[in-house]
Amino acid sequence: MRGTSRASLLALSRTWEPVVSRAKAKALELGTELFTVVDALDATPSLRRALSDPAASAAAKAQLAADVLAKADKRIVAVVAEAAGLRWSADGDVADSLELLARSAVLGAAEAKGELDTVEEELFRLTRALNGQREVRTALTDAAAPPASRAQLAEAILGGKAAAATVALARRAASAPRGVRFVPALGHLADLIAERRDRQVATVTTAAPLTAAQTARLSQVLGQVLGREVALNVSVDPRVVGGLKVQSGSDVVDATVLARLADARRRLTS
């Protein structure tokens, strides 16, 4: 998002988070209903353009939102009306911002139930379970398949034992990818969880398990580099041969033996 939309999203978040906090575990229902609003905006370009039209008054757009969502929860009406009254760089940014707020509501519900760590771990395990499962990943994003079928597949992979928030987010990532593939969408959710705790999540891939001391030391070093507390998700992959690979958001540090050999080959052939 460009500057204007980022500022509007920040304003919306400041209003929305207290609503989520007061709703506690029932914020899951708010998130689910807000997802429905996003689907309606995605399916109706004319409505999306009308709600973000810079030529229309904020009051008129807010009234339009209230009219369209007359039967919705009043808290949903309020946040969509506020979004309509703000300025956006592109009409699609309205739906994108509401999608983020919906995810935030689902995570807020998990946090209220003391399940945020559980959701984070379940999403991480789901990501690992899909490694090497190309056909399953393709099925989860198959545009020819009904959204409900993709959602059911995502839930089935979780095995029926996951937290309600995990199920809701996995089903959403499968049924409404909105241009993002399933596994990257799970990574975005991990970043949102980290933001809720004001810490950064880093995925570490090693050839062998790290000791508790090594994990603590690596977390400390990365925290100094990133300027904030770092939570580590450690994954063991013998294919890295030695060393480790660290990914934090868009930043990747690859210090594996294979990476060093590949770099050496590039230098020799250049």
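- There is no side-chain donor-acceptor pair under 3.5 Å between S89 and R6.
- Between the CG atom in L34 and the CG atom in L98 there is a gap of 5.0 Å [rounded to 0.5 Å].
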Name the atoms and distances for all side-chain donor-acceptor pairs under 3.5 Å in residues 58-69, with sequence neighbours left out.
residue, atom, partner, partner atom, Å
K61, NZ, D53, O, 3.0
K61, NZ, A84, O, 3.3
Q63, NE2, D67, OD1, 2.8

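- Not counting sequence neighbours, the partners of Q220 by the side chain to side chain donor-acceptor pair (under 3.5 Å) test are R217.
- Considering every non-hydrogen atom in both L12 and S97, the closest pair reads CD1-CB, 4.4 Å.
- Not a single side chain to side chain donor-acceptor pair (under 3.5 Å) links S52 to another residue, sequence neighbours left out.
- Residues T15 and V79 have side chains not in contact (no heavy-atom distance under 4.5 Å, counting atoms from C-beta outward).
- In terms of heavy atoms, A95 sits closest to D42 at CB-OD1, 3.8 Å.
- Residues P45 and A43 come closest through the heavy atom pair CD-O, 3.5 Å.
- Of all the heavy atoms in A165 and A110, the pair that sits closest is CB-CB, 3.7 Å.
- Here L123 contributes atom CG and L189 contributes atom CG; the two are 6.0 Å apart, rounded to the nearest 0.5 Å.
- One finds the CG atom of D191 at 7.0 Å from the CD atom of E195 (value rounded to the nearest 0.5 Å).
- Scored by the salt bridge (Lys or Arg N to Asp or Glu O under 4.0 Å) test, R150 finds no partners at all (sequence neighbours excluded).
- Of the listed residues (V94, D96, L86, D93), just one forms a side chain to side chain contact (heavy atoms under 4.5 Å, CB included) with S5, and that residue is D93.
- Partners of T36 under the side chain to side chain contact (heavy atoms under 4.5 Å, CB included) rule, at least two apart in sequence or in another chain, do not exist in this structure.
- The list of side chain to side chain donor-acceptor pair (under 3.5 Å) pairs with a residue in residues 128-146, not counting sequence neighbours, reads T141-R181.
- Looking at heavy atoms from C-beta onward, F182 lies in side-chain contact with L126 at the 4.5 angstrom threshold.
- Distance check: L169 CG to E122 CD gives 10.5 Å after rounding to the nearest 0.5 Å.
- The shortest non-hydrogen separation linking L140 to A154 is CD2-N, 3.8 Å.
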Could you list the donor-acceptor pairs under 3.5 angstrom formed between side-chain atoms of residues 19-33 and any protein atom two or more places apart in sequence or on another chain?
residue, atom, partner, partner atom, Å
T32, OG1, L28, O, 2.9
E33, OE2, D73, N, 2.9

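- In the hydrophobic clustering of ILVMFWY residues, with side-chain heavy atoms under 4.5 Å counting as a link, F124 and I157 come out apart.
- Of the possible donor and acceptor atoms, none in the side chain of W88 sits under 3.5 Å from a partner among the backbone N and O of L51.
- Applying the side chain to side chain donor-acceptor pair (under 3.5 Å) test to T203 and every residue at least two apart in sequence or in another chain returns nothing.
- Applying the side chain to side chain donor-acceptor pair (under 3.5 Å) test to pairs two or more places apart or on separate chains, those with a residue in residues 204-216 are T211-Q214.
- Residues forming a side chain to side chain donor-acceptor pair (under 3.5 Å) with E115 (at least two apart in sequence, or on another chain): none.
- Residues satisfying the salt bridge (Lys or Arg N to Asp or Glu O under 4.0 Å) criterion with R125, sequence neighbours excluded, are E121.
- For residues 162-173, the set of pairs meeting the salt bridge (charged side-chain N to carboxylate O under 4.0 Å, His left out) definition, not counting sequence neighbours, comprises D39-R172, E99-R172, E155-R171.
- Counting non-hydrogen atoms of other residues, nucleotides and ligands closer than 6.0 Å to CZ of R87 gives a total of 12 or fewer.
- In this structure, OG in S175 is found 8.5 Å from CZ in F35, a value given to the nearest 0.5 Å.
- Hydrophobic cluster membership differs between V180 and L107, with clusters built from Ile, Leu, Val, Met, Phe, Trp and Tyr side chains linked at under 4.5 angstrom.
- By the rule that hydrophobic residues join a cluster once side-chain heavy atoms approach within less than 4.5 Å of another member, L186 and L100 end up as members of one cluster.
- Atoms OG and CG, from S46 and L41 in turn, are 10.0 Å apart once rounded to the nearest 0.5 Å.
- Proximity of T118 to T166: side-chain heavy atoms (C-beta onward) are nowhere separated by under 4.5 Å.
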